[in-house]
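The structure under discussion appears below in the form of structure tokens.
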Amino acid sequence: MASPSGTPWPRSAVRDDDAGALVVAGVPAPRVAAEHGTPAYVLDEGEFRARARTYVDAFGRAFEAVGTGVDVYYAGKALLTKAVARWAREEGLRVDTASGGELAIALAAGVPGAELGLHGNNKSDAELAAALDAGVGRIIVDSFGEIDRLADLAAARGVVAPVMVRVTTGVHAGGHEYISTAHEDQKFGLSVNAGPEGGDSPAVLALLRILERPSLRLLGIHSHIGSQILDAAGFAEAARTVLRLRAHLGIRTGVLVDEVDLGGGYGIAYLPQDTELDPSQVAREIAEAVAEACAELGTPLPRISIEPGRAIVGPAGITVYTVGTVKPVLVTADDGSTFTRLYVSVDGGMSDNIRTALYGAAYHAEIANRRSDAPLALVRVVGKHCESGDIVVDEVLLPGDVRPGDLLAVAATGAYGRSMASNYNLLTRPPVIGVHEGATRVLVRRETVEDLLALDVG
Ligand SMILES: *Cc1c(COP(=O)(O)O)cnc(C)c1O
């Protein structure tokens, strides 16, 4: 049986000496199941805090070495609960939000507005007003319409709104490669490239428009190039593009903005054979690229910010399910040969983890209540929804004696699991159970049928 202590499990994960149950932060999976039911998201507080510190330290050191500072914003969309927001803050991070709901949770957690960011390509007036009223430290604007609406809202309140502009650099990264294209076909950001007639790019026009509005204060330029990125090249390329834009604006207007945000997307290990991005190494590579580009452009270094989400919370979380049915299915391969795939159904599915169905994401699972020396079988872990694409783990080798009543743990579900969960088939969303030093604590309670009935007013 694969060791639970390597990647992609939390570093605290071990097997206990009795039955061989999976133990995370001193808490055996069967105890979580007995006390809180399944499915349950289990979040290792120590792992979250350690990862948060690692990013603050690695980027802080790398940029200090080239002569500037860094702010690390935890991207709350990966998983935001009040406890998570407090942990992030206690470890020296700020928090990025992307909706009025995320903003409300971060504020309720006690994060000061000044330490929050607000993102979104289609923020409502109510969301912008809430951000202004909370004194949010930076609003990342994403369109000309938003610039005008925000300027009007701020002017009406007699305040000055701190803004960054989200630009698209043409660099896309994710997985093992990055691509760089001139023109982007996506909803986010304003392009740094001019249209077919030439002239100023949308990004330059947006920056100029902000400088014309006294109720807006231009903090800097923002770029986010993708997710699950496993090398530094794309970040470095995007940084160079943003720094050129900054220098251009400086020459044009005399305003050299103080801040550059390079977004999130730092990749993690989902499978035992995966290697996650090394934060120290990527921080050094980005810092060197930034320093080099500023030297070439003859501009002083800006303050840098980054926005990791998945890399902080992903490996800190696992999902514990109970196995319901086990069904061997005879499958015919392309070459005409046949093999047996064991379909193992669990008590959740695409409603608690949509990433497999949505992106074809790969995950790793292990039996969590016992050890087994049974020969391995090719397993597909599926949920209980009315859809054949309801797959949690497409392919994993599990002991062939996996049976109803076993607990199954899926690794690295801390990011974009609970935060993307739905009520499909009117399943109730699982709780988030914090585990730390042998203790469990409910961070978000399980939804109940009463919650569903309360929302449906007939
Ligand atoms: C999603 C997102 C992030 C976080 O991405 P991760 O892959 O979770 O690190 C950061 N910044 C922005 C603007 C995002 O949209």
Side-chain angles (χ1 to χ4, degrees), residues 8 48 51-52 54-56 58-59 70-80 84-85 88 93-99 102-103 106 116-123 127 131 136-143 146 163-169 171-176 178 184 186-190 219-232 234-235 238-239 242 259-270 274 276-279 282-283 286 304-317 353-355 358-359 361 412-420:
F48 180 98
R51 291 180 158 273
T54 297
Y55 269 81
V56 171
F59 278 79
V70 179
D71 296 308
V72 180
Y73 284 75
Y74 168 62
K77 74 175 200 243
L79 174 67
L80 196 63
V84 162
L93 285 76
R94 300 173 176 217
V95 179
D96 257 336
T97 64
S99 71
E102 290 180 11
L103 181 60
L116 294 173
L118 180 66
H119 277 279
N121 67 301
N122 188 21
K123 305 178 195 77
E127 287 170 325
V136 161
R138 53 185 214 175
I139 298 171
I140 296 90
V141 298
D142 194 282
S143 67
E146 185 189 355
V163 300
M164 299 186 91
V165 177
R166 175 146 177 193
V167 303
T168 47
T169 56
V171 178
H172 294 271
H176 291 277
Y178 84 89
E184 301 222 12
Q186 61 140 316
K187 70 173 187 171
F188 289 113
L190 292 152
L219 299 175
I221 305 173
H222 182 287
S223 151
H224 171 74
I225 56 172
S227 263
Q228 188 55 13
I229 299 165
L230 292 165
D231 76 65
F235 291 111
V242 169
E259 291 182 41
V260 165
D261 190 300
L262 297 175
Y266 303 92
I268 63 168
Y270 281 100
D274 289 348
E276 74 176 320
L277 197 73
D278 174 356
V282 74
I286 299 174
I304 297 292
S305 47
I306 60 163
E307 303 173 332
R310 178 194 322 266
I312 309 288
V313 75
N353 187 351
I354 189 65
R355 292 189 68 258
L358 190 59
Y359 312 124
T413 58
Y416 306 108
R418 181 60 175 79
S419 72
M420 294 180 97

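One-based numbering, in listed order, for ligands and for the atoms of each. In what follows, residues are counted from 1 in the order of the sequence shown.
Looking from atom 7 (O) of ligand 1 to the surrounding protein, the closest heavy atom is Ser227 OG, 2.6 Å. Nearest protein heavy-atom contact of atom 1 (C) of ligand 1 is Lys77 NZ, 1.2 Å. When hydrogens are left out, the protein atom nearest atom 11 (N) of ligand 1 is Glu307 OE1, 2.6 Å; that is the closest non-hydrogen contact.
The aromatic rings of His222 and His119 sit perpendicular to each other, their planes meeting at more than 60°, with 30° as the lower class boundary.
When heavy-atom distances to ligand 1 are checked against a 4.0 Å cut-off, His224 comes that close only through its side chain, counted from C-beta outward.
Of the polar atoms of Gly309, at least one N or O is found under 3.5 Å from an N or O of ligand 1, judged by distance alone. The shortest N/O to N/O separation between Arg310 and ligand 1 falls below 3.5 Å.
With salt bridges taken as basic N to acidic carboxylate O contacts below 4.0 Å, none links Glu307 and Arg94. Looking at Glu146 and Lys123, a side-chain N of the basic residue comes within less than 4.0 Å of a carboxylate O on the acidic one, giving a salt bridge. The pair Asp261-Arg138 meets the salt-bridge criterion, since a charged nitrogen lies less than 4.0 angstrom from a carboxylate oxygen.
His172 and Gln186 are not linked by any side-chain donor-acceptor pair at a separation below 3.5 angstrom, with hydrogens and angles left out of the test.
Listed by atom number, the atoms of ligand 1 under 4.0 Å from Ala75 heavy atoms are 3 (C), 4 (C), 10 (C). Proximity to Gly264 (heavy-atom distance under 4.0 Å) selects the following atoms of ligand 1: 9 (O), 10 (C), 11 (N). Atoms of ligand 1 found under 4.0 Å from any heavy atom of Arg166 (numbered from 1 in listed order, with element): 13 (C).
Using a 4.0 angstrom heavy-atom cutoff, Gly265 counts as in contact with ligand 1. Contact between Tyr416 and ligand 1 is present, with at least one heavy atom of the residue lying under 4.0 Å from the ligand.
Closest non-hydrogen pair, Val167 versus Val242, comes out as CG2-CG2, 4.1 Å.
Residues forming a side chain to side chain contact (heavy atoms under 4.5 Å, CB included) with Ala78 (at least two apart in sequence, or on another chain): Tyr74, Val313, Ala415, Tyr416. The ring-ring contact (aromatic ring centres under 6.0 Å, His included) search around Tyr270 returns Tyr363, not counting sequence neighbours.
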